[in-house]
There are 2 protein chains.
Amino acid sequence: MKIKTQRLNAIIQIIANSKVGSQEELLIMLEKEGFSTTQATLSRDLKSLKVAKQPDQDGGYMYVLPESGAEQAEDDASFDEFPLSGLVSMEFSGNLAVIKTRPGFANGLGSVIDSHGPYEILGTIAGDDTILIIAREGISSDEVVNALALFIPGLRNKVIRP
Amino acid sequence: MKIKTQRLNAIIQIIANSKVGSQEELLIMLEKEGFSTTQATLSRDLKSLKVAKQPDQDGGYMYVLPESGAEQAEDDASFDEFPLSGLVSMEFSGNLAVIKTRPGFANGLGSVIDSHGPYEILGTIAGDDTILIIAREGISSDEVVNALALFIPGLRNKVIRP
DNA sequence: ACCTTCCTTGAATATTTATTCAATGCCTTA
DNA sequence: TAAGGCATTGAATAAATATTCAAGGAAGGT
């Protein structure tokens with residue numbers, strides 16, 4: 001797994017789970033997780049993740065993931081854009097997919113996937129904030145996304161491509 | 001009417017109707033509308049309006065209004081069909097509220113509520129499919145709903161009134 | 001191997017945004 | 001009326017963020 005992808009993931013996790021007010025702050029948190037980088041890179045990372053900086057209730061600022069902050073200004077109400085809680089990211093490795101959720105959501109979302117039981121998916125295992133999805137042999141990552149997107153609105157926006 | 005209020009309104013209109021990439025840009029647009037001010041004031045205005053700066057699709061940045069269109073999105077039918085947050089219902093009894101979720105979702109949704117920590121809510125306890133919400137004294141059920149609806153799309157549709 | 005080309009990055013810098021500070025005007029109350 | 005307290009603002013500045021530029025590294029081709 002590429003270091004950049006790991007870092008992007010860590011950034012998503014950090015922003016999803018705690019309040020970050022500046023890139024310097026994020027830098028420090030990433031250091032604690034073992035990522036060493038610079039503000040310049042964070043600026044680029046946040047841009048590519050479409051993370052927005054928003055005034056908060058306490059007179060400060062906080063970074064928000066594109067789902068919960070505001071909807072993208074696509075004039076047509078594409079149902080992919082609905083801000084839904086829980087889903088954080090989805091990534092692939094071979095015929096495996098890993099979905100990251102907000103803490104506590106993995107089981108709920110996992111059972112939703114199980115109950116739909118798409119053909120493309122052999123099975124799932126859910127922890128607290130992570131769901132492992134085992135795809136059937138010969139099924140591409142695109143096909144997995146398509147199958148899940150049928151009943152998980154907003155999923156496509158969360159897929160991180162290598 | 002106060003000049004500041006007029007200006008704030010104009011800012012909202014401009015951001016709602018066109019793409020603004022920087023405060024300098026906004027400054028120019030406001031000049032055209034007859035408002036003369038400085039970047040310092042815009043920074044304060046945007047902060048008070050909770051306007052966020054978000055990376056856009058074209059490699060630039062744009063300001064977005066907070067939770068604009070949240071109500072529009074809410075009455076879309078697909079929300080009821082795909083309750084990804086697991087939300088099932090919400091009911092009140094005195095200063096308590098009980099949220100029912102699909103199995104496994106209560107903890108996730110509960111921690112979302114906790115992390116937002118709205119003033120109106122004293123605390124929450126989550127089981128597997130039930131969240132108990134304790135409201136602050138003197139807070140009405142409507143106020144609780146309003147506070148939660150800020151970050152739980154579709155909540156209003158799930159509230160069961162006596 | 002060598003040479004591209006593309007991707008990623010840090011340092012420095014440019015740009016943008018937030019805040020400090022002082023000044024002004026507008027209330028209210030004495 | 002005067003005096004005190006807010007609210008608002010612009011200029012200057014501080015702070016934060018974005019981009020430029022050059023350098024390394026990986027992947028692929030010859």
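Every chain is numbered from 1 and lettered A, B, ... according to where its sequence line falls, protein lines coming before strand lines.
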If the condition is side chain to side chain donor-acceptor pair (under 3.5 Å), which residues does [X] pass it with, not counting sequence neighbours?
X: B:Ser48; answer: none
X: B:Lys50; answer: none
X: A:Lys100; answer: A:Thr130

Rounded to the nearest Å, what distance is computed from the [atom1] atom of residue [X] to the [atom2] atom of nucleotide [N]?
X: A:Leu26; N: D:dT17; atom1: CG; atom2: C1'; answer: 13 Å
X: B:Met62; N: C:dT17; atom1: CE; atom2: P; answer: 14 Å
X: A:Lys53; N: C:dT16; atom1: NZ; atom2: C1'; answer: 10 Å
X: A:Gln54; N: C:dA18; atom1: CD; atom2: C1'; answer: 17 Å
X: A:Lys50; N: D:dA18; atom1: NZ; atom2: C1'; answer: 15 Å

Quick one: is [X] getting a side-chain N or O under 4.0 Å of the [N] phosphate, OP1 or OP2?
X: A:Tyr63; N: D:dT17; answer: yes
X: A:Arg7; N: C:dT9; answer: yes
X: B:Thr37; N: D:dT9; answer: no
X: A:Gln23; N: D:dA18; answer: yes

same_hphob_cluster(B:Ile15, B:Leu27) at 4.5 Å side-chain heavy-atom cutoff: yes
Quick check on contacts: within residues 39-48 of chain A, what sits under 4.0 Å from DNA chain D by heavy-atom distance?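 By residue number: A:Gln39, A:Ala40, A:Ser43, A:Arg44, A:Lys47.
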According to side chain to side chain contact (heavy atoms under 4.5 Å, CB included), who are the partners of [X], at least two apart in sequence or on a separate chain?
X: A:Asp56; value: A:Lys19, A:Asp58, A:Met62
X: B:Leu49; value: B:Leu8, B:Ile11, B:Ile12, B:Val51
X: B:Ala16; value: B:Leu65
X: B:Gln39; value: B:Gln23, B:Glu24, B:Ser43

For nucleotides 22-27 of chain C, tabulate all protein N/O to nucleotide N/O atom pairs closer than 3.5 Å, reporting atom names and distance.
none

Using 0.5 Å steps for rounding, measure from the CE atom of B:Met29 to the CG atom of B:Leu26.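 Reported to 0.5 Å precision, the distance equals 7.0 Å.
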